[in-house]
There are 2 protein chains.
Amino acid sequence: MELSAESPPGARRPARQAASPLEAHLGYWLRLVSNEVSRAFARTLQKQNISVAEWVAINQLAAGAGLTPARLAATMGMTRGAISKVLDKLDSKRLISRSPSPLDSRVQLLSLTGQARRILPQLTSIADDNDRHFFAALGANEKAALRNLLRKLAGVHQITRIPVE
Amino acid sequence: MELSAESPPGARRPARQAASPLEAHLGYWLRLVSNEVSRAFARTLQKQNISVAEWVAINQLAAGAGLTPARLAATMGMTRGAISKVLDKLDSKRLISRSPSPLDSRVQLLSLTGQARRILPQLTSIADDNDRHFFAALGANEKAALRNLLRKLAGVHQITRIPVE
DNA sequence: TATTGTTATACTCTATAACTATA
DNA sequence: TATAGTTATAGAGTATAACAATA
């Protein structure tokens, strides 16, 4: 048995309980490992005074110029209100600039500043190093297998929201 | 128009931008998938008015009686202050009880109430169903492979902190 | 003095919804 | 009316540190 819940109150408790059933779930192991990678990454990134959400936003802007807050919010799975604050932070750090679209002045066009482009390689290095270090224990085949399994799950469940936590 | 954003005014847009390097990282895929599993689980659990942290605490108490707040905090990777609030919530829901240890009255012994033991199977079902549904796309061998890869990483990095987010 | 658990405070992140300005 | 972005408010979650009771 796995749950003492199955023993009625007042019953004698088994000498040694079975391990918690948490570990029976793949989702548990996924979260356990994922949290550690993300935690380490977030901590290192924080030394540069950058949050993970900010880093993702910078990355998206670097990958394709001319994003708008609304599109960025959709990509990152955040509300417009939330993205607005992320952009405020980036703005105050002089890492992005916002300019009204000439076609529709309600719309803002986002772009990275020169400063952001200068620190981007450094931030990318942090991400690369973190990933390399964490998965160094796996061989090339294992890494490929893990990647394929995760991509398969992402594909099946149509997950597109970029993780920012 | 959807978004003039796609073409920055005046700028020649590259024929096709390279994909964001985010996807190059295994940690990215891990987080992407893990977030989805956890999000779905947390949402279903929330319908029972239980947070993930509360669920983990209930599980730990079910697995081995006689835990104390301090030990639970260590297991869950939280501070004593944070665990105190989790226990307050569980207490207010009549799911746990706290009683002073006869050996050291500073110490509290935690135990589940009958009510908690009654709903535990239901909560476990939620976790089981969530896991089963999410990983149904994988065959038995794939699940085993994924589990082994994750356990290997957890072992190498000595990850023990139970994820509660 | 040290330890257990609690509490006060603050901070981060996020969502909801009201608000403005454009369209 | 509808949309883009901002802001006000609130809530969850957590950390830090001060605190009371006990050892």
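The sequence lines fix the lettering, A, B, ..., with proteins before strands; numbering per chain opens at 1.
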Report task. Kindly write out the residues that satisfy side-chain contact (heavy atoms from CB on, under 4.5 Å) with B:Thr113, not counting sequence neighbours, or none if the list is empty. Result -> B:Gln115, B:Ala116
Query raised in the report: Do A:Asn59 and A:Ile162 touch side chain to side chain, with heavy atoms closer than 4.5 Å?
Result: no
Under 3.5 Å, sequence neighbours excluded: what are the donor-acceptor pairs made by side chains of residues 104-111 of chain B?
{"from": "B:Asp104", "atom 1": "OD1", "to": "B:Arg106", "atom 2": "N", "distance (Å)": "3.0"}
{"from": "B:Asp104", "atom 1": "OD1", "to": "B:Arg106", "atom 2": "NE", "distance (Å)": "3.2"}
{"from": "B:Asp104", "atom 1": "OD2", "to": "B:Arg106", "atom 2": "NE", "distance (Å)": "3.4"}
{"from": "B:Asp104", "atom 1": "OD2", "to": "B:Arg106", "atom 2": "NH2", "distance (Å)": "2.9"}
{"from": "B:Ser111", "atom 1": "OG", "to": "B:Ser97", "atom 2": "OG", "distance (Å)": "3.0"}

Report summary line: Ordered by number, residues from residues 66-75 of chain B within less than 4.0 Å of DNA chain C (heavy atoms) are B:Thr68, B:Pro69, B:Ala70
Query raised in the report: A:Asp131: what forms a side-chain contact (heavy atoms from CB on, under 4.5 Å) with it, not counting sequence neighbours?
Result: A:Phe135, B:His25, B:Leu26
Donor-acceptor pairs under 3.5 angstrom involving side-chain atoms of residues 147-155 of chain B: please list them, not counting sequence neighbours.
{"from": "B:Arg147", "atom 1": "NH1", "to": "A:Glu23", "atom 2": "O", "distance (Å)": "3.3"}
{"from": "B:Arg147", "atom 1": "NH2", "to": "A:Ala24", "atom 2": "O", "distance (Å)": "3.1"}
{"from": "B:Asn148", "atom 1": "ND2", "to": "B:Ala144", "atom 2": "O", "distance (Å)": "3.2"}
{"from": "B:Lys152", "atom 1": "NZ", "to": "A:Glu142", "atom 2": "OE1", "distance (Å)": "3.2"}
{"from": "B:Lys152", "atom 1": "NZ", "to": "A:Glu142", "atom 2": "OE2", "distance (Å)": "3.1"}

Query raised in the report: Residues in salt bridge (charged side-chain N to carboxylate O under 4.0 Å, His left out) with B:Asp91, at least two apart?
Result: B:Arg98
**Report entry** Span of DNA chain C, from the first to the last nucleotide whose atoms fall under 4.0 Å of chain B heavy atoms
**Finding:** C:dA2 to C:dT9
Report summary line: Heavy-atom contacts, protein to nucleotides 7-18 of chain D, under 4.0 Å, summarised as B (base), S (sugar-phosphate only) or - (none) per nt, yield B-B---SBSB--
Query - side-chain contact (heavy atoms from CB on, under 4.5 Å) partners of B:Ala40, counting only residues at least two apart - result: B:Arg43, B:Asn130
Query - Spatial distance of atom CD (A:Gln122) from atom CD (A:Gln48) [nearest 0.5 Å] - result: 4.5 Å
Requested in this report: Determine whether A:Val86 and A:Val56 make a side-chain contact, defined as any pair of heavy atoms from C-beta on separated by less than 4.5 Å.
Outcome: no
Query - Residues that A:Lys93 engages under salt bridge (charged side-chain N to carboxylate O under 4.0 Å, His left out), provided they are two or more places apart - result: A:Glu54
Requested in this report: Evaluate the side-chain proximity of A:Arg31 to B:Val37: yes if any heavy-atom separation is below 4.5 Å, no if none is.
Outcome: no
Query raised in the report: For residues 140-165 of chain B, which residue pairs qualify under ring-ring contact (aromatic ring centres under 6.0 Å, His included), counting only residues two or more places apart or in two chains?
Result: A:His133-B:His157, A:Phe134-B:His157
Query - Neighbours of DNA chain D within residues 93-110 of chain B, by heavy-atom distance under 4.0 Å - result: B:Asp104, B:Ser105, B:Arg106
